[in-house]
Amino acid sequence: MLAAMLERVCRVGFLVVDDVVVTFGGVRALDGASFAVEVSQICGLIGPNGAGKTSLFNVISGLYRPDAGRVSLAGQDILALPANGVARAGIARTFQNLGLFASQSVLENVMLGAYHRTRAGFLGGMLRLPAATREGRRIRDEALAILDLLGLGRYADHPAQGLPFGTLKRVELGRALAAHPRLLMLDEPANGLTHGEVAEFGELILQLREELRLTVLLVEHHMGLVMGVSDTVVALNFGRKIAEGTPDEVRQNDDLIAAYLGTAA
Amino acid sequence: MTYFLQQVVDGVSTGVIYALLGLAMVLIFRATGIINFAQGELATIAAFFAWQLNLWGLPIWLAIAATAVIGFGAGAAIERVVIRPVANKDHFTLIMVTLGLFMITNAVTGLVWGYTIQAFPDPFPVAAWTVHGVSLSLASVGTIVIVCVVGFLLYQLFHRTRLGLGMRAAISNPESARLSGIDVGRMQMIGWGLAAMVGTLAGALAAPKLFLEPNMMLGVLTYAFAAVIVGGLDSPLGAVVGGLAIGVTENLAGAYLYDFVGNDLKIAVPLALVFGILLVRPQGLFGRRAVARA
Amino acid sequence: MSLLEVTDLMAGYGPAKVLHGMTFAVDEGEIATILGANGAGKTTTLRAICGMVATSGGIRFDGRSVRGLAPARMARLGVAHVPQGRGTFAGLTVRENLLAGAYTRRDRAGVAADIDRISQWFPRLAERRDQPAGSLSGGEQQMLAVSRALLLRPRLLLLDEPSLGLAPLVTQSLFGTLTDIHNQMGTTMLIVEQNAGLALRIAHRAFVLEAGRIVRAGDAASVAADDSVRRAYLGLGDSR
Ligand SMILES: Nc1ncnc2c1ncn2[C@@H]1O[C@H](COP(=O)(O)OP(=O)(O)OP(=O)(O)O)[C@@H](O)[C@H]1O
Ligand SMILES: Nc1ncnc2c1ncn2[C@@H]1O[C@H](COP(=O)(O)OP(=O)(O)O)[C@@H](O)[C@H]1O
Ligand SMILES: [Mg+2]
Ligand SMILES: [Mg+2]
């Protein structure tokens, strides 16, 4: 009993995903996936299309209710949180197919990320009268600083609609950062970037992790990026973990080569 | 029990008319993403038109059929001339445009046919059966059958034909539809045309039960609107179920709650039902919540 | 003969000009690729060809001027386009998506045969025939978007980052499939692709686009050998 408890405590990570199951009719999107991520680590999450990566993001961010399993962040049970509690708990994410408001400006989209931190919590007040309150001004300045950091400063007033795909993925990152997350979940952030731009983006993730002490969960099919920045890599297939380890270990995994990497790795 | 059943049957036979007008609104919503507040007025003007043709000597069924065909053309023309130019504007503008259409249609009807109440000939002969003490008029049964047939045909159109596939694709993703060679504008025109056609039927079936006058469909529109909200704005099945539910509740409320709520307030009962359902399911009973796959 | 001829093409969105006079051509039966940084105007180029943005200049397809034709007309002429992201009909099932892709075709048997073939290339889509496209995973949706365009049986296929969201193994097999299609049906293709290495491998011709201008054009092998191209678009150890 004591041993079991000790074992649990020792194995506990910052983010713990434990035996999560998600089903849609006959489809088992997640089928008992378990793994842990330590604080300030970057964990790459890979696996074939439909393996359950985005579904896992949806569980952690409260969009999907799992049929079974537990998820905790710093010991706090995430699944018990109300829908709006996830952001407060320090979890922010980007969306694979973009979750931006097309007609709002880039700046407004980023400011929305800070929504849950506003005292007023009042959308109109924040967006329409940005300078009217001290809080609004602070959030706006901070959003502008984030845009500069991401090299998006000149798009601040441009509506999200019509920006190149790669740029929009970066706006999404900005919105996530505006939430001041402890856990940052990125769903295919490098889509739409050329090789050179992907390398720069990798540097940016590492820099963010250092400066903001972020824990990062990174879903990407760009192996150069995942293997380059991750401390650990978890591979899913059919909703189950099929490999876990350092990038070098995972790269050698025969199951993963057969199911996912092919000859490219 | 017999009394109760009778009330339900009567409720169903008014409910199907709400359902029919609701179906027309769903068609337009699916084709162009617009809630057409003028739907009732368009149905009224169609009813007058059919009445006029009948007066000129056309048998009533032929008059209704001719009006339905002309209605198709008129609906398509309205899409082209009135709606298309503002199609990219915000929701508020679109609502204003359909409200404008509402007032213009209403005024034109009044101008042409005046505000004296007319009697619309009943397309069904007077006949009734009694089943276990419940009386079923031919008109009720006929109306129900027509609505079922219309619903069935629309379903077939949307799910079994190339045209229907094109219409659904056009509303789901206009850009990809165009890239697949689908003429999105034409699909929207056809959607409005079909809606006007279904609306014509609603007007013609409602008119004998009500009195033919320019504001005839106002109440029906309110209930039809409630029906599609209950059923889900994008769901034809929802419009039918919603229409029936509203018709039956309205009738039962009138029959049993009369002492409590009085005749004027019986209108409030179905609306309370709407409110309750929306609290639980904001997208309506059969409506699809925008699929939020991230 | 050139199937697609673009001369001095300019395009933009309102006052913002994005393309500043592009001239290039793609021969019948050829695979061409456009390389360029994020925001260079690759997507805009493909959209301009299909009549999705206002343009000036010349666009000729199969010898006739098609500039200003509506996208649906272009599709009926045999130009298919996989747009960047969100190329599917979310509310329609997988099967209905494919049928919508074949909207311009009347040969039912041919369509059925093509759907069978696509099921072999992407078995996952066959498993999910009756699932609404909107609930597919991102990569599954991308497979569907590409398949939808193939069902047009195009003469010219425009692909905007077809590998977006696809797993490495699927990306490799997609490019294998594109080569097969090209070999079997002689479909002409113009590909914009993040994974420049793969695109250059199957392409005959390549263009490099910078800030709305073509700065380099030539056969794919020689463009691939160019030092600056290698640095920006290929990199060492590109392992996708
Ligand atoms: N809401 C839903 N309804 C039905 N099926 C779903 C739903 N969400 C996910 N699925 C199915 O669950 C499986 C896992 O999907 P998920 O999006 O998690 O995959 P993924 O690993 O992110 O894949 P990709 O790399 O392609 O983005 C897929 O087969 C998908 O079709
Ligand atoms: N709908 C639009 N409205 C306004 N600007 C746009 C629109 N689409 C693209 N642009 C602009 O055109 C330029 C090129 O974009 P795009 O063609 O998407 O680039 P690429 O595909 O090469 O990444 C960008 O500066 C972008 O902001
Ligand atoms: Mg995904
Ligand atoms: Mg692009």
Side-chain angles (χ1 to χ4, degrees), chain A residues 24-27 29 46-55 95-98 151 155 158-159 161-170 187-188 190-201 219-228 235 237 251 256-265, chain C residues 13-14 16 18 35-44 53 83-86 88 90 122 124 127-128 130-131 134-143 160-161 163-173 192-198 228-240:
Chain A
F24 301 100
V27 178
I46 60 177
N49 295 121
K53 306 175 295 293
T54 301
S55 296
F95 291 88
Q96 182 169 355
N97 272 329
L98 305 173
Y155 296 118
H158 195 292
Q161 197 163 20
L163 288 173
F165 201 83
T167 308
L168 290 174
K169 299 254 23 159
R170 203 169 273 231
D187 202 345
E188 304 195 11
N191 282 346
L193 302 182
T194 61
H195 186 86
E197 291 164 337
V198 171
E200 278 172 39
F201 186 76
V219 169
E220 233 328 309
H221 292 302
H222 194 295
M223 285 306 106
L225 179 63
V226 179
M227 298 301 183
N237 196 12
R251 221 195 299 255
L256 192 67
I257 292 174
Y260 179 62
L261 296 172
T263 53
Chain C
Y13 305 88
V18 176
L35 308 181
N38 176 40
K42 309 179 296 291
T43 297
T44 305
V53 292
Q84 185 167 22
R86 297 226 188 264
T88 56
F122 301 112
R124 177 57 64 85
E127 285 166 30
R128 300 299 166 81
D130 299 317
Q131 185 170 331
S135 68
L136 294 174
S137 86
E140 291 162 351
Q141 292 192 33
Q142 185 64 12
M143 298 174 204
D160 198 348
E161 311 221 0
S163 81
L164 195 86
L166 296 182
L169 200 57
V170 181
T171 303
Q172 290 162 31
S173 83
V192 168
E193 175 53 50
Q194 169 188 41
N195 189 339
L198 264 184
S228 61
V229 170
R230 290 180 74 91
R231 227 171 301 123
Y233 304 112
L234 298 169
L236 287 173
D238 184 352
S239 56
R240 269 197 68 146

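By convention in this document, chain letters (A, B, ...) are assigned in the order of the sequence lines, proteins followed by strands, and residues within each chain are numbered from 1.
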**Message:** With a 4.5 angstrom heavy-atom cut-off, is it the side chain or the backbone of A:Leu98 that approaches chain C, or both, or neither?
**Reply:** backbone
**Asked** How long is the gap from CD on C:Gln84 to CG on A:Leu168, to the nearest 0.5 Å?
**Response** 9.0 Å
**Message:** If the condition is side-chain contact (heavy atoms from CB on, under 4.5 Å), which residues does A:Asn49 pass it with, not counting sequence neighbours?
**Reply:** A:His221, C:Ser137, C:Met143, C:Leu166, C:Ala167, C:Val170
**Request:** Output the distance between atom CG (A:Leu256) and atom CG (C:Leu169), rounded to the nearest 0.5 Å.
**Result:** 10.0 Å
**Asked** Counting only N and O atoms by type, is there a donor-acceptor contact under 3.5 Å from the side chain of A:Glu197 to the main-chain atoms of C:Asn38?
**Response** yes
**Request:** Check whether C:Gln142 gets within reach of chain A through its side chain, its backbone, both or neither, counting any heavy atom under 4.5 Å.
**Result:** neither
**Request:** Tell me, for A:Val219 versus chain C, whether the close heavy atoms (under 4.5 Å) come from the side chain, the backbone, both or neither.
**Result:** neither
**Prompt:** What heavy-atom pair brings A:Asn191 and C:Leu164 nearest, and what distance separates the two atoms?
**Reply:** CB-CD1, 3.4 Å
**Item:** Proximity breakdown for A:Ala259 and chain C, heavy-atom pairs closer than 4.5 Å
**Value:** backbone
**Fill in**
Nearest heavy-atom approach of A:Met223 to C:Pro168 is CG-CG, 4.2 Å
